[in-house]
Structures are given as C-alpha cells and as structure tokens.
Amino acid sequence: MAGRIAVKRRTIRPRTLVVAAAAWLLAVVFLLPYAEMVVTALRPADELRDASYLPRHFAWSNFVGVWTDSTLGDNLRVTLLVAGGSTLLALLVALPAAYYTARVRYRGRRYFLLLVLVTQMFQPTSLLVGLYREFFQLDMLNSVWTLVLCNAAFNLAFAVWILTAYIGSIPVELEEAAMIDGLGRLGALRRVVLPLAMPGVVTAVIFTFISAWNEFVMGLTLSTVPSSQPLTVGINNFIGNYTVQWNYLFAGSVVAILPVVVLFALIERQVVSGLTAGSVK
C-alpha cells in the first residue's frame with residue numbers, strides 16, 4: 001500500500017539456532033571451571049569440604065589474606081616485569097627481522113623461515129639443565145632479567161613469523177611512494193609500515209605477553225627465592241606437603257587471570273585481524 005514501508009521480516013533458519021545453541025553450550029562448559037574457581041575463592045576455610053554449589057557465607061577476606069599472608073604482591077610485580085620486559089625485547093628484535101625477511105628476497109630466506117618454525121618445536125623443559133648451568137655460571141639466578149631473556153628468546157620465533165606474514169601482505173608500493181617523497185627506509189618503516197602492521201604487532205604482543213605471564217617451569221627452576229618468583233610459582237606455593245590452602249590458591253588464581261582477560265578483551269579484534277594476515281592476497 002502507498003505510504004507504508006514494507007518491512008522485511010527476518011527469518012531465522014533452524015541451522016542458525018542449532019549453531020548458536022551449540023556455541024552457548026560450549027561457552028558454558030568452558031566457563032564452568034572459572035565459575036567454580038571464583039566460588040571456591042570466596043569460601044571460608046570451614047566450608048571448603050561442603051558439597052553445596054554456593055558458600056553459606058562469602059569470605060571476601062580471602063582476597064585480603066592472600067596479599068598479607070604470602071609473597072603474592074612480590075610475585076605479581078615480578079610477573080609484570082617479566083611479561084612486559086620479554087614482550088618489549090622480543091618485539092624490538094622481531095620487528096626488524098620480520099621487515100627484512102618480508103621485503104628482501106635474500107639467499108636462504110626460505111631456510112630461515114623454516115628454522116623459525118622448527119625452533120617452535122623446542123620446549124623450555126628440554127633446555128632447562130643447560131639454561132640453569134649457564135645462568136649459574138653467570139651468577140644470574142633469582143634475577144628478573146634472567147626470566148626476561150629466556151621468555152623473550154622462546155617467544156621470538158612466533159613474533160617473527162606472525163610479523164613476517166603481516167608485513168608481507170602490505171603493498172610495497174606504499175613504501176616506494178613514501179621514499180620518493182623523501183623518506184628513507186627507516187622513515188618508511190616507522191611512518192608507513194608500522195601503522196599499517198599494527199594489528200600484527202598487537203597479535204605478537206598479546207601472545208608473547210600471555211606466554212610469558214603463564215610460564216611456570218623456567219620460573220620454578222631459575223628462581224628459588226619466593227619473593228623473586230613469578231606469579232605462577234607463587235600460587236603453587238599454596239600447595240604444601242600435607243595441606244593445601246584452597247581458598248588462597250583460588251583467590252590467587254583469580255588475581256592472576258584478571259589482567260590477561262581484560263587485556264585480551266580490549267584488543268580481541270586486532271588479534272583476530274593479525275592472525276588472518278597474509279591469508280588473502
């Protein structure tokens with residue numbers, strides 16, 4: 001009819017409903033352990049063995065006691081320094097290496113990229129004895145910078161790989177136009193390539209940061225003083241030989257995951273963009 005706007009009714013296919021229901025169910029399954037962790041962190045010590053889903057009394061004092069009765073504050077400081085320092089160091093080394101690899105077709109380039117992927121197969125646990133002896137001889141045990149160097153080294157390969165793929169997807173003509181306008185190679189990298197490659201940089205940063213944040217074995221081996229250990233090792237100290245402080249253990253776990261969850265939620269879109277870099281030409 002004249003004067004009326006025909007509104008197209010949106011139909012939802014059964015397949016869409018099934019996929020959405022399956023996605024919500026999967027999300028609930030993955031979130032249940034975290035919900036249990038939060039609930040246990042709020043249980044008083046005398047209710048830890050109760051079979052009820054929720055505590056009768058919420059012990060918010062657990063989040064206070066976990067700071068005052070342990071070295072968790074020092075452990076959090078060490079983890080922030082290690083994660084931030086290793087991420088910055090890995091990025092400073094990976095960015096020029098990835099730029100050169102993506103732009104210059106030098107001899108042995110394919111073998112270099114293959115070597116980068118092969119190094120991802122090595123786990124820190126297989127090198128712990130050698131690392132311990134090396135840093136013992138250098139008198140660098142129980143040092144934050146030791147953990148920074150180790151985490152940066154083990155995450156460098158992934159950073160080079162993801163940045164090479166992303167920089168390779170940026171048209172080289174943009175750099176050539178910038179250099180014609182008077183910029184040098186470094187100027188083109190800083191003013192043209194780096195802003196366009198920011199999603200790839202963010203992806204390398206977040207994965208390197210999370211890997212360093214969650215690292216446990218090297219922190220346990222190379223740091224023996226409780227106040228110089230990272231957060232993952234500090235939380236593990238709540239597990240004793242005969243007793244386990246479950247309320248403090250889960251309260252510390254909540255504190256440990258919150259910064260990473262917030263960081264990932266803020267830059268999730270750029271992470272997805274960086275992971276798909278180079279897939280379409």
Side-chain angles (χ1 to χ4, degrees), residues 63-97 119-120 122-125 127-128 130-160 162-163 198 201-239 248-268 270-271 274:
F63 288 96
V64 178
V66 78
W67 293 101
T68 58
D69 299 342
S70 67
T71 60
L72 194 70
D74 294 328
N75 302 142
L76 180 60
R77 177 184 59 82
V78 170
T79 298
L80 287 172
L81 291 175
V82 171
S86 59
T87 300
L88 180 61
L89 180 59
L91 190 63
L92 289 176
V93 177
L95 189 58
T119 55
Q120 288 292 93
F122 293 98
Q123 294 296 323
T125 51
L127 304 175
L128 273 179
L131 288 173
Y132 183 87
R133 293 185 60 183
E134 180 177 353
F135 287 114
F136 176 78
Q137 293 175 354
L138 295 174
D139 195 21
M140 291 182 63
L141 295 178
N142 300 313
S143 172
V144 172
W145 305 113
T146 299
L147 299 179
V148 168
L149 291 174
C150 290
N151 281 281
F154 281 105
N155 289 286
L156 183 61
F158 175 81
V160 171
I162 195 69
L163 288 174
M198 193 53 62
V201 173
V202 171
T203 303
V205 166
I206 188 63
F207 277 90
T208 303
F209 186 88
I210 290 177
S211 177
W213 186 276
N214 294 331
E215 203 284 319
F216 174 78
V217 178
M218 286 190 298
L220 180 65
T221 305
L222 301 178
S223 297
T224 56
V225 179
S227 59
S228 66
Q229 292 174 333
L231 191 59
T232 50
V233 182
I235 293 174
N236 186 68
N237 291 334
F238 292 119
I239 303 176
Y248 284 177
L249 177 65
F250 283 100
S253 300
V254 172
V255 173
I257 68 171
L258 280 179
V260 178
V261 170
V262 172
L263 179 62
F264 192 83
L266 292 175
I267 59 177
E268 176 263 340
Q270 290 182 305
V271 172

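Model, not experiment: these values are computed from the prediction. Along the sequence shown, residues are numbered consecutively beginning with 1.
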Fill in the blank from the handout: Sorted by chain and residue number, the side-chain contact (heavy atoms from CB on, under 4.5 Å) partners of Ala157 (sequence neighbours excluded) come out as Val116, Thr119, Gln120
Handout entry: Contacts of Thr221 that satisfy side-chain contact (heavy atoms from CB on, under 4.5 Å) - sequence neighbours left out
Key = Leu128, Tyr132, Val217
Practice task
Apply the side-chain contact (heavy atoms from CB on, under 4.5 Å) test between Trp213 and each candidate in Val82, Thr232, Thr87, Leu80; give the one that qualifies.
Solution key: Leu80
Exercise for the section: Just jot down the side-chain hydrogen bond (donor to acceptor under 3.5 Å, both in side chains) partners of Asn75, sequence neighbours excluded, or say none. Expected result: Thr71
Problem - Any residue meeting ring-ring contact (aromatic ring centres under 6.0 Å, His included) with Phe135, in chain and number order, not counting sequence neighbours - result: none
Completion exercise
Between the CG atom in Leu231 and the CD1 atom in Ile257, the distance rounded to the nearest 0.5 Å is 11.0 Å
Practice task
Any chance you could measure Phe209, atom CZ, to Leu88, atom CG, to the nearest 0.5 Å?
Solution key: 12.0 Å
Problem - Short side-chain to backbone donor-acceptor contact, Glu134 and Leu138, under 3.5 Å - result: no
Practice task
To the nearest 0.5 angstrom, please state how far the CG atom of Leu131 sits from the CG atom of Leu222.
Solution key: 6.5 Å
Practice task
Starting from the C-alpha separation in whole Å, work towards a yes-or-no answer on side chain to side chain contact (heavy atoms under 4.5 Å, CB included) for Leu141 and Thr224.
Solution key: CA-CA 8 Å; Leu141 295 178; Thr224 56; over 6 Å; no
Exercise for the section: Evaluate the criterion side chain to side chain contact (heavy atoms under 4.5 Å, CB included) for residue pair Val255 and Trp67; output intermediate values, then yes/no. Expected result: CA-CA 10 Å; Val255 173; Trp67 293 101; 3.8 Å; yes
Exercise for the section: Decide side chain to side chain donor-acceptor pair (under 3.5 Å) for Gln229 and Asn237; before the verdict, give the C-alpha distance in whole Å, the side-chain angles of both, and the deciding distance to 0.1 Å. Expected result: CA-CA 10 Å; Gln229 292 174 333; Asn237 291 334; 3.2 Å; yes
Handout entry: Partner set under side-chain hydrogen bond (donor to acceptor under 3.5 Å, both in side chains) for Ser227, not counting sequence neighbours
Key = none
Problem - Verdict with reasoning, Ile235 to Leu72, per side chain to side chain contact (heavy atoms under 4.5 Å, CB included) - result: CA-CA 7 Å; Ile235 293 174; Leu72 194 70; 4.2 Å; yes
Problem - Closest non-hydrogen atom pair, Ala204 against Ile162 - result: CB-CG2, 3.7 Å
Practice task
Could you tell me the separation between the CZ atom of Phe154 and the CD atom of Glu215, rounded to the nearest 0.5 Å?
Solution key: 8.5 Å
Practice task
Applying side chain to side chain contact (heavy atoms under 4.5 Å, CB included), run through Thr208 and Leu91 and close with a yes or a no.
Solution key: CA-CA 9 Å; Thr208 303; Leu91 190 63; over 6 Å; no
Handout entry: Polar contact flag, side-chain donor to acceptor under 3.5 angstrom, Ser211-Asn155
Key = yes
Exercise for the section: Find out whether Ser70 and Tyr248 are in side-chain contact, i.e. whether some heavy atom of one side chain is under 4.5 Å from a heavy atom of the other. Expected result: no
Practice task
First locate atom CG of Asn142, then atom OG of Ser228, and finally report the distance between them rounded to the nearest 0.5 Å.
Solution key: 4.0 Å
Counting only pairs under 3.5 Å, give me each side-chain donor-acceptor contact of residues 143-150, with atom names and distances, residues two or more places apart or in other chains.
from   : atom 1 : to     : atom 2 : distance (Å)
Ser143 : OG     : Trp145 : N      : 3.3
Thr146 : OG1    : Met140 : O      : 2.4

Exercise for the section: Would you confirm whether Ser253, through its side chain, and Leu249, through its main-chain N or O, come within 3.5 Å as a donor-acceptor pair? Expected result: yes
